[in-house]
Amino acid sequence: MTDKRTLIIFGATGDLASRLLLPGLGTFLQSGRAVPVQLIGTGRSARSEEQWKDVVTKSFASQDVKGPEVDATIESTQFIQGDPTDPAHLKALLDAAEAEPILYFALPPQIASDICEALQDVELPEGTTLAFEKPFGTDVASAQALNKTVLELVPEERVHRTDHFLGRTTVLNIIGLRFANRLFEPIWNADNIEKVDIFYDETLGLENRAQYYDEAGAMVDMIQSHLLQILGIVTMDAPADIDAVEFRSSLARVLRSTELKGGDPKIASRRAVYTAGTIDGKELPSYQDEDGVDKSRETETLAEISVEVDTARWKGVPFTLRSGKALGASRKEVLITFKPVTRLPSGLSGRPKADTLRIVLNPDEIELSVSANGGGNPFEMGQVTLSSTFDDGELTPYGEVLNGIFHDDPLLSIRGDVAERCWEIVEPVVNAWKSGEVPLEEYRAGSRGPADWESSS
């Protein structure tokens with residue numbers, strides 16, 4: 001077991017910490033990969049020692065984790081209230097750390113940036129690590145500025161720009177599916193693939209997240225971060241090794257080759273917002289009538305972009321990335337559609353459907369549908385589906401991300417140049433939307449989206 005680490009969580013009283021980060025920490029502590037962890041929570045709001053321990057205990061209990069490491073972390077955890085942009089408060093936090101500190105920013109990017117500015121007036125202990133939630137920055141310029149500030153504090157190998165989607169079992173399995181299978185890798189190219197769609201449609205509405213979501217919208221919340229990373233894994237060339245250097249370099253190369261379709265955000269993007277409707281018998285108000293929403297922002301709850309990957313492997317293949325809230329059906333998948341055969345032999349009847357590979361992100365499944373004949377008429381083409389469901393991983397996605405952070409392995413973290421590149425890809429779209437060049441359409445909550453989108457999804 002390696003040396004103890006101190007995890008200091010900024011924004012510890014927020015929803016993200018209690019719902020995702022702390023449960024993930026619990027699964028890490030229970031795993032055989034854990035190190036001893038001293039946990040310190042901090043925030044502007046006051047919490048008594050009992051209140052804070054109750055938050056940690058309930059978060060761990062949500063994953064039913066047990067063991068001496070779990071008990072030790074709960075017993076020793078503490079909450080230190082204060083202004084995170086005050087150097088004196090930051091010094092107090094670091095003085096309370098018993099081991100090399102990991103500063104985890106479970107906060108919006110602007111506040112994280114302000115804290116990093118304040119950290120420049122504080123002497124950081126040897127081995128300090130910084131971990132950031134997505135989005136990293138709010139546009140290209142702010143991401144560049146934040147990178148500059150962060151690298152004045154610690155070296156790049158001590159920076160983790162987290163994306164918990166990279167810790168999902170199915171996303172990690174894409175790597176093995178592609179590079180360890182003679183079945184797929186030889187045909188994983190423009191000669192054989194018609195199109196690729198990456199969807200993350202949710203039935204959930206705003207769920208009291210207006211403070212964050214109304215500033216971000218579907219584009220920044222999902223496409224700019226999570227879905228572009230999945231696109232990178234689907235399209236990257238094989239790295240020499242699955243390590244932080246080779247893997248992240250391959251990811252960076254393919255994202256540098258990714259551009260909006262036709263270079264025009266007006267034809268390569270669509271946006272919409274949900275109106276009042278019903279989902280699973282529950283009445284949902286219009287997004288713009290939800291508490292905390294500023295109508296003048298015209299925040300989208302459904303976003304779609306079309307991109308091209310300008311490499312020899314992918315030239316000419318259209319890629320669609322889409323994510324939305326309050327939709328009638330959950331659809332969280334990568335859908336690979338293969339090209340039809342050049343000729344169907346005479347004597348075989350029917351029109352075979354396109355062969356597809358569905359990689360379902362939640363729940364973790366994989367489904368291959370291929371053309372085949374047989375059944376009642378042995379000469380009539382049909383479709384055969386082969387499917388498999390993956391067991392839950394030992395760690396939650398946040399647990400996988402934290403495992404990398406505690407063990408100083410940035411494999412599942414975003415490199416600084418990639419964080420900037422993802423903003424470069426979507427920024428023309430964001431600017432076109434802000435200037436009203438792309439209309440904000442509407443769809444009823446519980447529907448499949450705007451009517452004219454259905455035929456293409």
Side-chain angles (χ1 to χ4, degrees), residues 1-2 4-43 47 49-79 99 102-107 129 131-134 160 162-173 200 202-204 207-209 212 225-226 330 332 360-365 389-407 409 411-413:
M1 184 175 285
T2 55
K4 184 176 186 176
R5 301 294 297 272
T6 296
L7 177 63
I8 300 173
I9 302 177
F10 293 99
T13 58
D15 174 70
L16 187 149
S18 62
R19 186 169 53 88
L20 295 171
L21 184 57
L22 289 172
L25 175 63
T27 64
F28 170 73
L29 290 170
Q30 182 179 254
S31 75
R33 298 182 262 174
V35 300
V37 175
Q38 177 200 13
L39 174 64
I40 299 175
T42 184
R47 292 289 188 278
E49 181 179 329
E50 292 75 19
Q51 287 174 322
W52 171 241
K53 284 191 175 181
D54 187 53
V55 169
V56 177
T57 301
K58 286 180 177 176
S59 294
F60 286 0
S62 71
Q63 294 296 316
D64 194 28
V65 294
K66 299 178 178 67
E69 292 84 1
V70 172
D71 295 339
T73 298
I74 293 175
E75 181 60 33
S76 65
T77 190
Q78 57 184 305
F79 187 88
I102 297 166
L103 308 185
Y104 197 107
F105 299 87
L107 293 165
T129 295
F132 296 88
E133 269 295 320
K134 63 87 184 172
H160 292 260
T162 68
D163 188 328
H164 69 275
F165 265 53
L166 296 185
R168 285 179 176 269
T169 303
T170 318
V171 174
L172 293 173
N173 281 338
Y200 205 84
E202 300 180 275
T203 56
L204 291 176
E207 302 289 306
N208 301 313
R209 294 178 67 219
Y212 161 71
S225 51
H226 301 319
S330 176
K332 304 171 182 179
V360 184
L361 304 173
N362 188 14
D364 298 324
E365 299 173 359
T389 302
F390 298 110
D391 293 333
D392 290 337
E394 178 186 34
L395 306 180
T396 67
Y398 266 89
E400 287 287 358
V401 166
L402 285 168
N403 178 66
I405 294 171
F406 278 108
H407 290 293
D409 181 4
L411 175 67
L412 300 182
S413 294

[X]: side-chain contact (heavy atoms from CB on, under 4.5 Å) partners, not counting sequence neighbours:
{"X": "Lys58", "value": "Asp54"}
{"X": "Thr129", "value": "Arg5, Ile102, Arg158, His160, Ile405, Asp408"}
{"X": "Ser330", "value": "Thr203, Lys332"}
{"X": "Asn173", "value": "Thr169, Phe390"}

### Task
Apply side-chain contact (heavy atoms from CB on, under 4.5 Å) to Thr77 and Ile40, showing your working.
CA-CA 6 Å; Thr77 190; Ile40 299 175; over 6 Å; no
### Query
Can you pull the salt bridge (charged side-chain N to carboxylate O under 4.0 Å, His left out) pairs that have at least one residue in residues 14-25, sequence neighbours excluded?
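Qualifying pairs, neighbours excluded: Asp15-Arg19.
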### Query
Restricting to pairs with a member in residues 395-405, which pass salt bridge (charged side-chain N to carboxylate O under 4.0 Å, His left out), not counting sequence neighbours?
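Of all non-adjacent pairs touching residues 395-405, those that pass salt bridge (charged side-chain N to carboxylate O under 4.0 Å, His left out) are Arg33-Glu400.
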Heavy-atom side-chain contact between [X] and [Y] under 4.5 Å:
{"X": "Leu39", "Y": "Ile9", "answer": "yes"}
{"X": "Val35", "Y": "Phe28", "answer": "yes"}
{"X": "Asp71", "Y": "Phe60", "answer": "no"}
{"X": "Lys53", "Y": "Glu75", "answer": "yes"}
{"X": "Thr27", "Y": "Glu394", "answer": "no"}
{"X": "Leu7", "Y": "Phe406", "answer": "yes"}
{"X": "Leu29", "Y": "Val37", "answer": "yes"}
{"X": "Leu172", "Y": "Leu412", "answer": "yes"}

### Query
So, for Ala12 and Gly41, which heavy atoms are closest and what is the spacing to 0.1 Å?
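Closest approach of Ala12 to Gly41, heavy atoms only: CB-CA, 3.7 Å.
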### Task
Provide the closest heavy-atom pair for Gly11 versus Leu107 in the form atom of the first, atom of the second, distance.
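Heavy atoms of Gly11 and Leu107 come nearest at CA-CD2, 3.6 Å.
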### Message
Is there a side-chain contact (heavy atoms from CB on, under 4.5 Å) between Leu402 and Leu21? Walk through the geometry before answering.
### Response
CA-CA 9 Å; Leu402 285 168; Leu21 184 57; 3.9 Å; yes
Report the residues that fulfil side-chain hydrogen bond (donor to acceptor under 3.5 Å, both in side chains) with [X], sequence neighbours left out, ordered by chain and then residue number.
{"X": "Thr162", "value": "Tyr104"}
{"X": "Thr396", "value": "none"}
{"X": "Gln30", "value": "none"}

### Query
How far apart are the C-alpha atoms of Leu16 and Glu133, what are their side-chain angles, what is the distance that settles it, and do they pass the side-chain contact (heavy atoms from CB on, under 4.5 Å) test?
CA-CA 10 Å; Leu16 187 149; Glu133 269 295 320; 3.6 Å; yes
### Query
Taking the side chain from Ser59 and the backbone from Ser18, do they hold a donor-acceptor pair closer than 3.5 Å?
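Looks like yes, one N/O pair under 3.5 Å.
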### Query
If only atom types and distance count, is the side chain of Ser76 paired as donor or acceptor with the main-chain N or O of Gln38 below 3.5 Å?
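The answer is no, because no donor-acceptor pair under 3.5 Å joins these two groups.
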### Message
Can you tell me if Asn208 has over 12 outside heavy atoms packed within less than 6.0 Å of its CG?
### Response
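12 or below, so no.
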### Task
Just jot down the salt bridge (Lys or Arg N to Asp or Glu O under 4.0 Å) partners of Glu50, sequence neighbours excluded, or say none.
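Counting only residues at least two positions away or on another chain, Glu50 forms no salt bridge (Lys or Arg N to Asp or Glu O under 4.0 Å).
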### Message
Applying ring pair (Phe, Tyr, Trp, His ring centres under 6.0 Å), can you list everything that pairs with Phe105, at least two apart in sequence or on another chain?
### Response
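Partners of Phe105 by the ring pair (Phe, Tyr, Trp, His ring centres under 6.0 Å) criterion, ordered by chain and then number, come out as Phe10, Phe132.
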### Listed partners of Phe165 passing ring pair (Phe, Tyr, Trp, His ring centres under 6.0 Å), at least two apart
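Checked Phe165 against ring pair (Phe, Tyr, Trp, His ring centres under 6.0 Å); matches are Tyr200, His226.
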### Query
Rounded to the nearest 0.5 Å, what separation is found between the CG atom of Leu25 and the CD atom of Glu69?
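Those atoms lie 11.5 Å apart.
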